[in-house]
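To start, the structure itself, in structure tokens.
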Amino acid sequence: MMRTRPLKVALLGCGVVGSEVTRIMTTQSHDLAERIGAPVELAGIAVRRPNRVRAGVPTELLTTDATALVKRGDLDVVIEVIGGIEPVRTLITTAFEHGASVVSANKALLAADGASLHAKAVEHGVDLYYEAAVAGAIPLIRPLRESLAGDKVNRVLGIVNGTTNFILDKMDSTGAGYSEALDEATALGYAEADPTADVEGFDAAAKAAILAGIAFHTRVTIDDVHREGLTEVTAADIASARKMGCTVKLLAICERAADGRSVTARVHPAMIPLTHPLASVREAYNAVFVEAEAAGRLMFYGPGAGGAPTASAVLGDLVVACRNKLAGTTGAGESAYTRLPVSPMGDVVTRYHISLDVADKPGVLAQVATVFAEHDVSIDTVRQQGKDGEASLVVVTHRALDAALSATVSSLRKLDTVRGVASIMRVEGE
């Protein structure tokens with residue numbers, strides 16, 4: 001039997017995502033009530049600019065006093081889609097203190113301070129959900145936290161930023177340079193006016209931290225994630241990848257060490273074979289592979305950003321949080337029992353594609369091969385082309401410690417016959 005007294009929900013932020021949340025809550029109110037077991041009432045919306053036109057958003061619900069809104073004491077759930085660290089952290093903890101569960105899309109805050117937020121939620125007997133913080137509409141957090149709770153996840157590999165995937169896809173499909181592809185992404189609304197968080201890998205790194213923490217039941221923050229952006233990826237890198245039967249993607253990679261005693265989390269551009277399913281992920285879509293011992297390899301694919309897709313994830317969490325309120329219970333919280341350390345990038349085992357500009361004369365290849373051998377790095381393939389005294393040498397290694405690869409490159413730069421290192425890129429997805 002449905003409860004007639006409504007559950008009260010407050011919304012912090014009413015931009016692209018917040019407006020979509022409001023629209024869905026309004027147009028699908030009957031269905032949401034049936035799924036939850038009680039009506040849901042939008043009790044207030046905190047915004048910075050109340051005079052801004054927001055189609056379909058009730059103006060009488062708008063307020064600029066977010067603190068007063070979360071302190072009301074009669075709220076059941078607070079939805080946070082503002083972003084950033086402060087004042088959001090304070091607003092969320094205040095909501096907890098006044099008895100409200102929280103649904104958030106804030107990857108930056110969760111990656112920086114998720115542990116303390118989970119602790120606060122437990123302290124006050126409320127929920128913290130954040131499906132929308134990673135990969136937009138793609139169900140990923142809940143499958144990792146609940147569906148795979150009885151399995152052992154060893155690896156999470158994926159494309160978790162739509163802007164960077166759009167840029168690399170355009171560079172690959174049209175031959176455009178990075179700047180041209182970024183301009184197109186900006187014109188189409190895929191890239192922000194300031195794209196730094198996306199193109200320098202900060203956005204993906206925050207998501208990697210969240211995924212690693214959930215997958216491996218340990219605490220991982222954004223400071224633990226090795227991060228490289230794609231601003232140094234060139235059209236020549238893309239062309240070189242094509243010659244190898246590969247394409248270039250900005251990947252988030254979270255792995256459990258082979259001995260099970262540590263984990264790694266990293267974000268960087270990498271070449272992946274065209275035969276790999278991630279190679280076919282186009283435009284601004286996201287896709288994530290999860291490798292578990294019993295379940296095997298699972299792939300999650302879909303739109304990773306945008307108002308409606310992100311709002312879909314928010315509303316899914318809202319339904320669960322409201323059901324828990326009605327039942328007088330809470331869902332699964334933080335699971336960090338393994339307390340595994342996060343290894344530095346130097347301890348990661350990976351492959352490299354290295355392109356060198358070298359002198360076109362006898363003995364160069366032997367010198368280069370000697371340097372690799374000295375650092376215990378095995379060469380898989382070599383391709384050399386040259387004329388008029390200059391040449392290019394492309395080396396693809398077998399898997400080795402990242403620190404050994406870095407030392408190898410440093411030694412190569414000291415050779416008189418090496419004019420320069422044209423590009424260095426990791427190879428993944430085999």
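Predicted model only: the values in this text are computed from it and were never measured.
In this model, no donor atom of one side chain and acceptor atom of the other lie less than 3.5 Å apart for Ser392 and Gln384. There is no side-chain donor-acceptor pair under 3.5 Å between Ser343 and Thr264. Between the side chains of Ser116 and Asp113, at least one donor-acceptor pair of N or O atoms lies under 3.5 Å.
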Contacts table for residues 366-373: side-chain donor-acceptor under 3.5 angstrom, sequence neighbours left out:
unit_1, atom_1, unit_2, atom_2, d
Gln367, OE1, Thr417, OG1, 2.7
Thr370, OG1, Ala366, O, 2.8

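When the salt bridge (charged side-chain N to carboxylate O under 4.0 Å, His left out) test is applied to Lys249, no partner is found at least two apart in sequence or on another chain. When the ring pair (Phe, Tyr, Trp, His ring centres under 6.0 Å) test is applied to His226, no partner is found at least two apart in sequence or on another chain. Contacts of Glu228 classified as salt bridge (charged side-chain N to carboxylate O under 4.0 Å, His left out), with partners at least two apart in sequence or in another chain: Arg426. Partners of Arg219 under the side chain to side chain donor-acceptor pair (under 3.5 Å) rule, at least two apart in sequence or in another chain, are Glu334. Residues meeting the salt bridge (charged side-chain N to carboxylate O under 4.0 Å, His left out) test with Asp317, sequence neighbours left out: Arg142.
Residues Arg35 and Gln28 have side chains in contact (heavy-atom distance under 4.5 Å, counting atoms from C-beta outward).
Aromatic rings of His118 and Phe96 (six-membered ring for Trp) have centroids beyond the 6.0 Å cut-off, not under it.
The neighbour count for Glu192 CD, taken as heavy atoms of other residues, nucleotides or ligands under 6.0 Å away, does not exceed 12.
Relative to the ring axis of Tyr130, Arg145 places its NZ or CZ within 45° and under 6.0 Å from the centre.
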